[in-house]
Each structure stands twice: as structure tokens, then as C-alpha cells.
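Notes for the one structure printed next.
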Amino acid sequence: MLKINSGRTLYYGKGDVLVYRTYAEPLEAAPIPESPFVGEDNILFAHNIRFAVSGDALLTSFTDGDNAQLVATDSMKNFILRQAATFEGGTTEALLHFLAVRFMETYGHIDTVRLSANRIPFLPLPVPGPGGFLDNRLVYRRSYNDHAAAEMKLARGAEGYDLDEAWSGLSDLQLIKVSGSSFYGFIRDEYTTLPDAYDRPLFIFLDIRWRYDDPQDAIRPEAGKHVPVQQIRDIAQNVFYEFATPSIQHLIWLIGQRILIRFPQLAEVRFETSNRTWETVVEPADGLSSGVFTEPRPPFGFQGFSMTREDLIAAPEPAEGTVSSG
């Protein structure tokens, strides 16, 4: 019989499985200086899940058209939705791990499950209450802003299920800094038309991924080492605020430094950024004067960068006068 080997791609699955779970386990988090986040109630715990499986037993479905070992992707969707009701955790990573283990327990011929999720954020709405407005626990607003993400791979092992890969993430963060960013000193030759910029509004799209030194810390928030995506977001926006930076490359280096300092349980941080800086229509006289800008035209620049604990150095402090006045 043909076998799956390291050089063969073989998987199938279901994508865009929308799971709207209510009243999941609340999440608590230790505070950090850059963030007010200390937990969430998880009354709405919603995700868009992608779920894929592989295994030697599935090979004949490709080579011979034999469906005897196939779990229909519609059945996968139903499995995810039904099992989500019995999930007792409160993080995206724990949900993915739970679903993968349950699936391999149910279907013994599945060797590997690779799955990912984007959390669908809902924000509580303020309503009048005693002493002022307060966030209610009944009506929420769907948010299309940045959100948590996670991906992992579980494989059947000799003594259970091995967590081969586990990445947590923050997706679709969009930040604009109206002053305090520059870009100059780059190579100038016959191909260069970009002018030097000594103080520009900088608009970036940012995705951040991180992995733990011990992958189990990603799925066990009760152990106290789970890193909340909200605190990663707040670190990114605070570092953007604190430093006058000469490039996006240096900005993500500073963000990575701060993340690794705050969370020693993390082994690696990865960045994918896109430069969406606005085009200037009316040039401001200085950093606090009025200007007019419009959307940039494609193509867009991008950056990718990863950092491990070997890159960690003493935390830099903002230079005098670089912190934004706002």
C-alpha cells in the first residue's frame, strides 16, 4: 500500500465554519504596564474555523476513489458545531486543541489535524446606569477591527496526541500615527523617486504571531502563562506612541523587544506588516498643523520579520522629545 511520506501533500477539510458560542469560560489575565486588559467575560465566544485532516488511511480516496474512510466535510462542520457546546475553556487556542483531540478520539484512522481560527469580535455597548454609562451584558456590536487568531497541528503519537505546532496571533491591526515617524537615508540612485520624509503620518497594517517555549502554555490559561491578544495589541500601539521611528522595520523591532520582555514564556514573535501611508494632498506646515491626505495607490510595501529570545536586549527608552503630545 502507498504511504504518506514527508514529501507528499494530502489533506482535506472544511473552511469558514462559523461558530457562535455563548457563555464560554471567562478569561483572567495579570496586568501589564501597557494595557488595561485584565480579562473578559466571554459571553460571546465566536470564531471562523478552518479544519483539515490527513492520514495514511485517506490515500485511497485520492488514488482509487474509495470513500470508505472519508468523514464528509459536512460531518466535520456538524462535529465542530456540536462539540463547541461542550467546550469548557475560554481561549481560541484551547478551543482548537479541544476540537482536534475530540476528532481524533472519534475517528481513529485520522493521523493529523491541522486547524486555525479567527475570532469574531463583538463589543459590549454602553447603556445608562447608576452613576453613568456602563457596558451591558445583553446587546453587543459586531466589530470588524483587529481580532485574535490561532493555528495548530496535532498528530497522533505513541502516548496520546502531540502538539506539533501552535501559533497564537493578532490579525488585521490598523494603526495611524499622525506625527513622529520618518523615512530617509535610504539608497538613492536612478530608480529613486520617493522624497525623504522627516515627519510623516504613518499608517500600517499589522499581523503578529507568537509561539510559546512550552506549547502547552497556549492551551492552559489556568496555568497563568497564557498571553492575551488584547495585551499584545496594547503593547504595539503603546510602542508606536512612545518612539519616533525611522522606518517600519525599526518599529516592529521595538514592538518585538517589548513583547519578549513582558512575556518571558514566549519563544518567538513574527510580524507581517503593510505600509498604507496616505498620500499628501496639502502639506502641513509642521507636525501639529492641518494637512489633507488621501488613500495610497497600490502597490503597497510590506515587511516580514521574526524575533526569538536570542534577539532580546535591554529595553530601549524613548528619547527625550519623541513621545507624542496626544
Side-chain angles (χ1 to χ4, degrees), residues 27-40 47-50 89-98 100 114-119 121 145-154 162-175 204-240 242-243 248-274 302-313 315-316:
L27 177 66
E28 296 182 357
I32 62 171
E34 294 85 359
S35 177
F37 181 83
V38 293
E40 60 183 332
H47 292 84
N48 184 332
I49 294 176
R50 186 178 189 272
T91 67
T92 302
E93 297 92 335
L95 173 63
L96 294 184
H97 185 267
F98 169 82
R114 185 184 291 272
L115 66 172
S116 61
N118 287 300
R119 184 153 183 183
N145 295 325
D146 50 271
H147 57 270
E151 56 186 284
M152 63 181 59
K153 176 186 175 185
L154 274 77
D162 298 328
L163 184 56
D164 287 351
E165 299 175 20
W167 287 90
S168 304
L170 169 66
S171 294
D172 298 332
L173 181 63
Q174 300 182 20
L175 297 174
I204 59 169
F205 290 9
L206 178 60
D207 292 338
I208 307 175
R209 296 288 184 269
W210 57 94
R211 65 177 179 88
Y212 294 78
D213 186 56
D214 180 358
Q216 294 295 318
D217 287 336
I219 61 175
R220 298 180 306 183
E222 65 276 7
K225 292 187 176 182
H226 180 266
V227 176
V229 67
Q230 294 89 345
Q231 292 184 347
I232 295 289
R233 177 202 64 207
D234 291 345
I235 285 176
Q237 66 191 30
N238 272 274
V239 170
F240 201 12
E242 291 172 16
F243 291 93
I248 297 175
Q249 288 87 335
H250 189 57
L251 172 63
I252 58 180
W253 167 263
L254 295 174
I255 295 172
Q257 287 284 314
R258 188 72 60 85
I259 289 172
L260 291 171
I261 288 169
R262 290 288 178 254
F263 303 113
Q265 64 269 43
L266 297 185
E268 184 177 358
V269 182
R270 292 182 178 180
F271 297 90
E272 177 77 23
T273 64
S274 178
F302 60 86
Q303 299 80 24
F305 194 62
S306 66
M307 299 174 64
T308 67
R309 305 211 69 79
E310 294 179 353
D311 294 312
L312 192 58
I313 60 175

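For clarity, every value in this text was computed on a predicted model and none was experimentally measured.
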Residue pairs involving residues 221-239 (criterion salt bridge (charged side-chain N to carboxylate O under 4.0 Å, His left out); sequence neighbours excluded)
none
Could you walk me through whether Leu154 and His97 pass side chain to side chain contact (heavy atoms under 4.5 Å, CB included), step by step?
CA-CA 8 Å; Leu154 274 77; His97 185 267; 3.6 Å; yes
Side chain proximity check, Ile235 to Phe263, heavy atoms < 4.5 angstrom:
yes
Other residues, nucleotides, ligands: >12 heavy atoms within 6.0 Å of Arg50 CZ
no
Note, Ser306 side chain near Arg209 side chain (heavy atom, < 4.5 Å)
no
Verify side chain to side chain contact (heavy atoms under 4.5 Å, CB included) between Asp146 and Gln174, making sure each step is shown before the conclusion.
CA-CA 7 Å; Asp146 50 271; Gln174 300 182 20; over 6 Å; no
Do Ile259 and Trp210 come close enough that some side-chain heavy atom pair is under 4.5 Å?
no
Using modelled atom types only, decide if a donor and an acceptor are shared between the side chain of Gln303 and the backbone of Phe271 within a distance under 3.5 Å.
no
CD/Glu28: more than 12 non-hydrogen atoms of other groups inside 6.0 Å:
no
A side-chain contact here means heavy atoms from C-beta on lying under 4.5 Å apart; do Glu165 and Arg211 qualify?
no
Is any side-chain heavy atom of Leu260 less than 4.5 Å from a side-chain heavy atom of Arg309?
yes
With heavy-atom distances below 4.5 Å as the criterion, would you say the side chains of Asp311 and Trp253 are in contact?
yes
Evaluate Ser171 against Asn118 for side chain to side chain contact (heavy atoms under 4.5 Å, CB included), listing each step before the verdict.
CA-CA 8 Å; Ser171 294; Asn118 287 300; 4.0 Å; yes
Short N-O contact, Glu40 and Arg119, less than 4.0 angstrom:
yes
Side-chain contact, heavy-atom cut-off 4.5 Å: Thr308 with Glu268?
yes
Within the structure provided, determine whether Phe243 and Leu251 are in side-chain contact (heavy-atom separation under 4.5 Å).
no
Any chance you could lay out the side chain to side chain contact (heavy atoms under 4.5 Å, CB included) test for Gln257 and Leu312, step after step, and finish with the verdict?
CA-CA 6 Å; Gln257 287 284 314; Leu312 192 58; 3.8 Å; yes
